[in-house]
2 protein chains.
Amino acid sequence: MSNAESILNEDKIFAALADKNRRKILELLHAGDSTLLELNKSFPISFQALGKHIKILENAHLLTKETQGKYRKLSLNREALGVSMKWIAYFSDFWNQSFDKLSQQIDHNEKHDQ
Amino acid sequence: MSNAESILNEDKIFAALADKNRRKILELLHAGDSTLLELNKSFPISFQALGKHIKILENAHLLTKETQGKYRKLSLNREALGVSMKWIAYFSDFWNQSFDKLSQQIDHNEKHDQ
DNA sequence: ATTTCGTTAAACCAAATGGTTGAATGAAAA
DNA sequence: TTTTCATTCAACCATTTGGTTTAACGAAAT
């Protein structure tokens, strides 16, 4: 059994994903690792506020923080996303659908709006 | 283009999924349609409070309400779950993973804890 | 040794959230 | 036609949330 099971918390993860700014942080980290001040260029809020969002994502293990000199390197942890993925997949009857409906539902060619 | 695209709102859906009671409502509806008072037997909160949660899920189109006499039949709308599924799948690099890792991440044989 | 840079901590605030109780509505049963 | 049953509405409340500003801290650069 994976150790992640015992650490990754459904409650914290779903709560973390509820905020638009926090989802945007994950989107940006998907493109590559970053830092607080670097990320802050993409947000209209203070870096202190952004720091709080990052801490929430960190507590949910959706991102990891690695100290490098005076910087903190922020990286997306895709494993934690898998927890909510699993929950949703189960209740949306993901695996019981036809391949057509599947690829229609999850179309990774289509760009995300908003 | 599907009409659902224009109706289903990522913000509302993720916000709706953030609450444990609301996720539990969806879990119960996954087992079968129900009504407010019927569902309420499974919750320690008032039926009025539960009614508010149901309204939030309804606004996010995660469930539908159908009037049948004096009852309101509540049904899970799996299509809306697909929206968050889609978002998460994209950023977790779902499709780029090996089949082994995939089936490990989404294991629908394993029962959901909590 | 000082200053600058990136980050974290603390105090504070308005608005949103999740709960309560009591009253109102509308269909079904008596 | 009352009464009961399922649901909704409204007022209220405590806590949480997401933001602000000011201050502190530790590593890097001057």
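A, B, ... follow the sequence lines: proteins, then strands. Residue 1 opens every chain.
- With rounding to whole Å, B:E38 atom CD is found 14 Å from D:dC5 atom C1'.
- Across the protein-nucleic acid pair, A:K20 atom NZ and D:dG19 atom P stand 13 Å apart, rounded to whole Å.
- Across the protein-nucleic acid pair, B:L57 atom CG and C:dT17 atom P stand 14 Å apart, rounded to whole Å.
- Backbone-only engagement by A:K65 is indicated by non-hydrogen atom pairs under 4.0 Å involving sugar-phosphate atoms exclusively.
- Listed for the B:N77 side chain is a donor-acceptor partner under 3.5 Å among the backbone atoms of B:H61.
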Polar atom pairs between nucleotides 28-30 of chain C and protein, under 3.5 Å, N or O only, would you list them?
none

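- Side-chain proximity of B:K52 to C:dG19, D:dA6, C:dT7: nearest is C:dG19.
- At a threshold of 4.5 Å between non-hydrogen side-chain atoms, the residues A:L50 and A:N21 do not count as touching.
- Taking atom CG of residue A:L36 and atom C1' of nucleotide C:dA9, one finds them 13 Å apart after rounding to whole Å.
- Rounded to a whole Å, the CG atom of A:D11 is 12 Å from the P atom of C:dG18.
- The closest donor-acceptor contact from the side chain of A:R72 to the backbone of A:K65 lies at 3.5 Å or more, if one exists at all.
- Two residues, B:D19 and A:Y71, neighbour DNA chain C, and the one matched to the more 5' nucleotide by heavy-atom proximity is A:Y71.
- Contacts with DNA chain C (heavy atom under 4.0 Å) in residues 39-51 of chain A: A:F47, A:Q48, listed by number.
- Atoms NZ (B:K12) and P (C:dT17) sit 12 Å apart, rounded to a whole Å.
- No side-chain heavy atom of B:L28 sits under 4.5 Å from any side-chain heavy atom of B:S34.
- As a whole-Å value, the separation of B:I54 CD1 from C:dG19 C1' is 15 Å.
- In this structure a side-chain-to-backbone donor-acceptor pair under 3.5 Å is present from B:N40 to B:I45.
- In this structure the side chain of B:L17 reaches within 4.5 angstrom of the side chain of A:W87, judged on heavy atoms.
- Annotation: ring pair (Phe, Tyr, Trp, His ring centres under 6.0 Å) contacts involving residues 19-54 of chain A, sequence neighbours excluded, comprise A:H30-B:Y90, A:H30-B:F91.
- Across the protein-nucleic acid pair, B:R72 atom CZ and C:dT25 atom P stand 15 Å apart, rounded to whole Å.
- Between B:I54 and B:L39, some side-chain heavy-atom pair lies under the 4.5 Å cut-off.
- Using a 4.5 Å heavy-atom cutoff, the side chains of A:R23 and B:D11 are in contact.
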